[in-house]
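Before any comments, here is the structure.
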Amino acid sequence: MKNLIIILFILFGFSASAQDITVIHFNYKWNDRNSYNIRGLKNAKLQYAWLEEQPESVKKTIKAVPVVVILKNGKVKGQFAADLSFEIKATREEIQEFINKVVEDK
């Protein structure tokens, strides 16, 4: 029982430290075939969002889809956007490296 409690505290500690980093994948439904798989990225909360369902203020800030936006404490720290082919060319490893740098920045 004691070991279970320790494991729960450790897991909670890791999840609490990742709560301030959020990765949001924005895309339009018509471009779904070019969606980028962010599953498996670590140290961040992952979210998917359809751009047509977002407020106009968000739509105005997105210039290309799909786009993966990395936020820390609600502030944009970086993004990986599609090129003219409507595909993100960055690898998941590149995005994970960026997330890790954002996590390390205090």
Determine all donor-acceptor pairs shorter than 3.5 Å in which one atom belongs to a side chain in residues 54-67; sequence neighbours excluded.
| unit_1 | atom_1 | unit_2 | atom_2 | d |
| --- | --- | --- | --- | --- |
| Gln54 | NE2 | Trp50 | O | 3.1 |
| Thr61 | OG1 | Val58 | O | 2.7 |
| Lys63 | NZ | Lys60 | O | 2.9 |

request  = Taking all heavy atoms of Ile88 and all of Ala82, pick out the closest pair and write down the distance.
outcome  = CG1-N, 3.8 Å
key: Single-linkage hydrophobic cluster Ile24~Tyr36, side-chain heavy atoms < 4.5 angstrom   = no
query = What pairs meet the salt bridge (charged side-chain N to carboxylate O under 4.0 Å, His left out) rule with one or both residues in residues 84-95, with sequence neighbours excluded?
reply = Glu87-Lys89
query = Partners of Asp105 by side-chain contact (heavy atoms from CB on, under 4.5 Å), sequence neighbours excluded?
reply = Lys72
task = Determine, stepwise, if the pair Gln96 / Asn100 fulfils side-chain hydrogen bond (donor to acceptor under 3.5 Å, both in side chains).
result = CA-CA 6 Å; Gln96 185 64 64; Asn100 293 344; 2.9 Å; yes
Under the side chain to side chain donor-acceptor pair (under 3.5 Å) test, residues paired with Asn31 that sit two or more places apart = Asn27, Asn34
ask   = Is the side chain of Glu52 donor-acceptor paired with the backbone N or O of Lys29 at a distance under 3.5 Å, no angle test?
value = yes
request  = Please check if Ile38 and Leu51 belong to a single hydrophobic cluster, counting links between Ile, Leu, Val, Met, Phe, Trp and Tyr side chain heavy atoms closer than 4.5 Å.
outcome  = no
For Lys75, salt bridge (Lys or Arg N to Asp or Glu O under 4.0 Å) partners two or more places apart = none
query = For residues 56-79, which residue pairs qualify under ring-ring contact (aromatic ring centres under 6.0 Å, His included), counting only residues two or more places apart or in two chains?
reply = none
request  = Only counting residues at least two apart or in another chain, list the ones meeting side-chain contact (heavy atoms from CB on, under 4.5 Å) with Arg33.
outcome  = none
inquiry  = Could you measure the distance from the NZ atom of Lys101 to the CD1 atom of Ile70? Nearest 0.5 Å is fine.
reply    = 12.0 Å
inquiry  = I need the His25 NE2 to Tyr48 OH distance, nearest 0.5 Å.
reply    = 6.5 Å
inquiry  = So Thr22 and Gln47, do their side chains get closer than 4.5 Å, heavy atoms only?
reply    = yes
task = Look at the side-chain heavy atoms of Ile, Leu, Val, Met, Phe, Trp and Tyr, link any pair under 4.5 Å apart, and say whether Ile99 and Val68 land in one connected group.
result = yes
message = Quick check for you: to the nearest 0.5 Å, what is the distance between Asn73 atom CG and Asp20 atom CG?
response = 4.5 Å
request  = May I have all residue pairs that pass ring-ring contact (aromatic ring centres under 6.0 Å, His included) and include part of residues 83-106, sequence neighbours excluded?
outcome  = Trp30-Phe86, Phe80-Phe98
remark   = Applying side chain to side chain donor-acceptor pair (under 3.5 Å) to Asn37 and not counting sequence neighbours gives none
note = Between Leu46 and Gly40, the two heavy atoms sitting closest are CD1-N, 4.1 Å
remark   = Residue set satisfying side chain to side chain donor-acceptor pair (under 3.5 Å) with Gln79, at least two apart, ordered chain then number -> none
key: Distance in Å, Leu41 CG paired with Ile95 CD1, rounded so as to fall on 0.5 Å steps   = 6.5 Å
